[in-house]
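The structure appears below as structure tokens.
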Amino acid sequence: MVMKNLFYFLAIVLAAASCSQVIEVDLSSRKPKAVINALFSPDSTWQVSLITSRDILADRTYILPITDAIVSIQTNNGELLETLMYSLESGTYRGLGSPLPGESYTVLAEVNGETFRAKSKVPVAVPIKSIEMDSSAFMANGGRIKMGVKFKDSSEEKNFYNIRIILAGSYMDNYGNTIVYETELSYEPVDPRYNDQDDDDYYQYDEGHFFSDTFFDGENYEFQLYPGYAQGEVESVRVVLISISEEYFKYYITKRIQDHSNQDPFSQPAQVFSNIENGVGIFAGYNAYVVELK
Amino acid sequence: MRYTLFLLSSLFIGNVASAQKFTISGYVKDSESGETLIGATITDIKTVQGNVANTHGFYSLTLPKDSIALMYSYVGYTRKIISFYLTRDTVINITLESAMLSEVVVNSSRTEAIQETTKMSSFTIPIEQVKSLPAFFGETDIMRVLQLMPGVQSGSEGSTGLYVRGGGPDQNLILLDGVPVYNASHLFGFFSVFNADAINHVELTKGGFPARYGGRLSSVIDINMKEGNMKEMKGEVTIGLISSKFTLEGPIRKDRTSFIVSARRTYIDVLTQPLIKSKNEGNVFGYYFYDLNFKLNHILNANNRIYLNTYLGKDKAYAEETDNHSGRPGDQTLYGFGLSWGNVISAFRWNHVFSPKLFSNVTSTFSRYNFNVSEETHSIYHQPNMPDEHDFYSNIYDSGIRDWSTGIDFDFLPNPNHTMRFGARGILHKFTPGVASYHSTFEKDTTVGAHIVNAGEFALYFEDDWRISDKLKINAGVHASGFHVEGQWYQSIQPRLSMRYLITPNLALKASYAKMTQYIHLLTNAGIGLPTDLWVSSTSRIKPQEADQVALGIALPYKSQYEFSLEAYYKNMENLIEYNDGASYLSVDSDWQDKVAVDGKGTTYGLELLVQKKIGSITGWVGYTLSKSTRQFDDLNFGKEFPYKFDRRHDLSVAVSYNWDKRRDISFVWVYGSGNAITLPNATYQSASNNLVQQSYYYSSEITFYGDRNSYRMRSYHRLDVSMSWSKEKKRGVRKWTVGIYNVYNRLNPFFIELGSDNQGHTKFVEYALFPVMPSISYNFKF
């Protein structure tokens, strides 16, 4: 808060002293880029979004899909697995099969003679061994219950994780109707090393926290967290431990840094990770293990 | 080793063998004020052997028993020649007369000839020339004048920061009377902390560093304060648009003890306060800075002299607001906000002349830079017939660095062919890298942020300025340093060599190599010299910065009035740190070490041309730099090399002063620089999302795609400043009016660019400029 005041003070000083003019900027790489987005897991069939980027100065706000591309999936040894078909309904290229755990895949998209390519692996799902709730230090923790998610990390390779909490329940609206809802619950990791955003507000992000096994490689580990507050009557809680590929991890970490730095004019602009050759976006595998608490 | 022994033995044997040699030593001073003339040259006209007065004005020259003619000269002063027959060691304390006072037309006095010295990549600007050039808002500024030299860049518009040969602002060792100054800026970098009225001498070295300097990679800016007039009481008052200042100096005991005190303060807050109060219902806000220089100088006897000097400077911005929060009578909330930063510097020095050939200087110094932001709320709840209830909370953010240091330096001049310098120094650092504390009625003390770090830095050096033959002269040495922090020990041996070879008597070929190590780092991401920039220590995770620099050049005088130098350099830097993408100093919740990219590499090379005219009615210089500077970090820009933020391909400065007559001076400065490198967004695109929630709208945000880091160039920068001054002798002194215009042709130079919109609401890039054409006026009275 103190530092924010400093920022406002600086902004006033600079604004008072400065004058502005609109300029034409010649950016050499302003040709629209192909954007491939696909987060894939064994739980669903192949689905790849292929769109064009929007020029930074364009007034267009709608999404412009590329509908006439040839999009295919190859196995790790370069064999064609499946050619995906464009679906008008979803606005994405879809396939019939699903990726397999532990396998690597390559996406190839040919657009007007140009080829875009990316590779990623589907990790093997890591089972949750148990979930512990701890209210022993309820008051000391600011009126919060501590949750622990226990699992065994594999020592064979570098592993990356994402933990999510999904609530399902119902509430009565102002007209007496029962509304059934499902929502994602944000949380704060107990260990500050896992706060992947540099901010006071740990609860502002959906999609949980992302972390690697740097501090517990090959060990049994308990990831502890303080869940946020739920509203209404909760009927079930799903705790999801997602084993994610390295590409997935880098993409989300850099995306969060960009979200955060956009609010701070004095920070260096942050580029979001992409593994798409010649284009931007992400092609990354994941594999989720779900435990439902009633 | 055998070679070293041979050198030393030959040196001393040579000394004994030439038993008929005697040493002339002493101090060179200004005749009117008694100020030492640093860098004055002493030459025996017959043998053409000579030497230069050191930073304390002391010189020593050993010559054979013979009749000699010693010429003492210094730029802007009438030279003096003394002839006598040398039969024994002789002390000559000489005074030179300023050319301004003399009727003699000075056309050849100068400091050591450019082709003679082994020094390269360094320059001295006479303080009178600094004062004669156009000044920003009428405030004469040494740092702004240094920015006009080749190889030195200014960073952002209006800033007094120095970026030397592609190095960062933390890589400059700024010494005020031998004491490091950590933050040399006032008002967010628009003014430097150095009050030109109190300064005697400024020298900037950007390569070929002699072994006596260490601890920074890119430059040494050695600033010496005046010592105070030994003869009579003198003073100076300047009233400007932004600030006023006064200087008073004089003898406490004539020719024995002197003092100088110089102070400056801005007063816009004082002038505007009544208006702000009346317009804002008693609420106030304001800003000021001040600085104070004080120096005491006492000659104990012919061989001992002591100095005590202090600098205090502070910037403060503040706001106070009173509010009746509930509307009930008696209830009140007082809100206060303060932002302050400043340096405190103090040094004690003792010069001792052991013998005409051995001079020593012992220095003990203290330096502290502190930055503080505070916010305080105090609420009073009034209830009838009850004592008032009070609630308060305060947030304080502190950062800074504090040094205690002590050291000893020796100058040993065994014969005219050798000037040796050696010494040792120890510094105790205390780093406070961003600590926030919170106090309130309910919580007494909560502290977050990085912890305080104590560290020790040690250095030893030896250098010899050795005239090997009439044509070849070298300065060779070694600087050894060590750093101890939290159980971690770093050490470094840094060889230094610079040489000059006379191709013809007037044309010198020069070359140098210097290895530099720096144990402290500055974390900065705004590039405008904010006080929030954090000084941090090397740690077990953050290694010391290192640089290797080579330079090659030629130097020649032309028609005894001009000096011409052309230099090429290549510098390689390692272990640089920088904030990670998106990391912000606005947050103090995490350790700074988690927010930085480490093991960065920097490469910078360029060509520099300087043509300088130091004497005559027209003086000035033209400086041109062609350079390239890049950085590479594994964790930034996806590991790809990128241009340094202040990489500037072309940089040109022209500075000219014309001494019209005794009463009038006119000067102008024109600068041109290629546009600074910035990162701009190119496009946006929809992000991927892994939505696990059923019956919910599909959520995805937009990602901004940036081109490569610093891949866009802003428009070029150029600006013309002019100033004119009129002096007049009055009954009690000399008064001087100076009128200046900054940015004469109103060039709107780019400061930063952001996304905005035009009049039709279309998205466009909007460029901001800081300073349009700005006139200034100041009044100065010297007595």
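Throughout, protein chains are lettered first and strands after them, A, B, ... in sequence-line order, and every chain is numbered starting at 1. Because only heavy atoms are used, hydrogens play no part in the values below, and waters and symmetry mates are left out as well, while side chains stay in.
- Not a single donor-acceptor pair under 3.5 Å links the side chain of B/N690 to the backbone N or O of A/E207.
- Within the 4.5 angstrom heavy-atom criterion, only side-chain atoms of B/I753, from C-beta onward, approach chain A.
- Heavy-atom distances place both the backbone and the side chain of A/F273 under 4.5 Å from chain B.
- Across B/E754, B/R709, B/R715, the residue that shares the most heavy-atom pairs under 4.5 angstrom with chain A is B/R709.
- Heavy-atom distances place no part of B/R713 under 4.5 Å from chain A, backbone and side chain included.
- Counting heavy atoms from C-beta outward, B/F765 and A/I56 have side chains that approach closer than 4.5 Å.
- With a 4.5 Å cut-off on non-hydrogen atoms, B/T704 touches chain A through its backbone and its side chain both.
- Contact annotation: the side chain of A/K255 approaches that of B/S701 to within less than 4.5 Å [non-hydrogen atoms, C-beta and beyond].
- Between B/S687 and A/Y251, some side-chain heavy-atom pair lies under the 4.5 Å cut-off.
- Annotation: the span from B/D708 atom CG to A/Q271 atom CD amounts to 7.5 Å, rounded to 0.5 Å.
- When heavy atoms are compared at a cutoff of 4.5 Å, A/V240 approaches chain B solely by way of its side chain, counted from C-beta outward.
- To the nearest 0.5 angstrom, A/S53 atom OG is 12.0 Å from B/Q686 atom CD.
- Within the 3.5 Å criterion, the main-chain N or O of B/I703 finds no donor-acceptor partner in the side chain of A/Q258.
- Residues A/R54 and B/E702 meet the side-chain proximity criterion, which asks for heavy atoms closer than 4.5 Å.
- Per-residue counts of heavy-atom pairs under 4.5 Å with chain B were compared for A/L167, A/I282, A/V280; the largest is that of A/V280.
- With a threshold of 4.5 angstrom between heavy atoms, A/I36 does not approach chain B through any atom at all.
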Give the C-alpha distance, both sets of side-chain angles, the deciding distance and a yes or no for side-chain contact (heavy atoms from CB on, under 4.5 Å) between B/L755 and A/L57.
-> CA-CA 9 Å; B/L755 270 182; A/L57 300 183; 3.9 Å; yes
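- Residue A/V35 touches chain B through its side chain alone, counting heavy-atom pairs closer than 4.5 Å.
- The main-chain N or O of A/A34 is never found under 3.5 Å from a side-chain atom of B/Y685 such that the two would form a donor-acceptor pair.
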